[in-house]
Amino acid sequence: MTNVLPEQDIRDEADPWRVLANAVVMQAVKDYRDSRAMLRKLKREMTVGEALSKDAAALMKKRILDNQAMLSEARSFILSDNFSLYSGLDGIALLQRLECEKR
């Protein structure tokens, strides 16, 4: 897995606001990666799995929708003007690198 953000110990930062901003950005990247991985897993389970009961199919659909929403929220944040307030990173470039990652 390619690291998009440099590894650093955010506790070493002198400015608590910078620590918070870094944590917000890192959480958005984690949410994006986790949701994308879960969507791949759920879609794979639906295509190769056994026939699901009505309740299991409804639960699977809800899990897919929840992860799609989380992925969309993370993507929207990374592309938003607010992202530049939290980070000096280029949101478009970051999102492109995240899209290229393989898990």
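Just so it is clear, the values below take in all heavy atoms, side chains as well, and ignore hydrogens, waters and symmetry mates. Quick caveat, the model's predicted, so the values are computed rather than measured.
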Does Leu42 belong to the same Ile/Leu/Val/Met/Phe/Trp/Tyr cluster as Leu65, with side-chain heavy atoms less than 4.5 Å apart forming each link? no
Work out which heavy atom in Ala28 is nearest to a heavy atom in Ala74; give both atom names and the distance. O-CB, 3.7 Å
Keeping to residues at least two apart or across chains, list the salt bridge (charged side-chain N to carboxylate O under 4.0 Å, His left out) pairs with something in residues 68-89. Arg75-Glu99
Spacing of Ser76 atom OG and Asn82 atom CG [to the nearest 0.5 Å]: 11.5 Å
Measuring from Leu39:CG to Ile64:CD1, what's the distance to the nearest 0.5 Å? 7.0 Å
Rounded to the nearest 0.5 Å, what's the gap from CZ on Arg40 to CZ on Arg36? Could you check? 4.5 Å
To the nearest 0.5 Å, atom CE of Met38 lies from atom CD of Glu45 at 8.0 Å
Is it the case that one hydrophobic cluster holds both Met70 and Tyr32, taking links as side-chain heavy atoms less than 4.5 Å apart, direct or via other members? no
Give a yes or no on whether the backbone of Gln68 and the side-chain of Ser72 come within a donor-acceptor separation of less than 3.5 Å. no
Quick one, Leu71 with Asp31, criterion side-chain contact (heavy atoms from CB on, under 4.5 Å). Give me CA distance, side-chain angles, the key distance, then yes/no. CA-CA 7 Å; Leu71 186 66; Asp31 289 347; over 6 Å; no
For Ser87 against Val25, the heavy-atom pair lying closest together: CB-CG2, 3.7 Å
Full working for side-chain contact (heavy atoms from CB on, under 4.5 Å) between Ile78 and Ile92: CA-CA 7 Å; Ile78 291 169; Ile92 295 170; over 6 Å; no
Restricting to pairs with a member in residues 54-85, which pass ring-ring contact (aromatic ring centres under 6.0 Å, His included), not counting sequence neighbours? Phe77-Phe83, Phe77-Tyr86
In Å, rounded to the nearest 0.5 Å, how long is the span from NZ of Lys61 to CG of Leu59? 12.5 Å
So CG of Leu89 and CG of Leu95: to nearest 0.5 Å the spacing works out to 12.0 Å
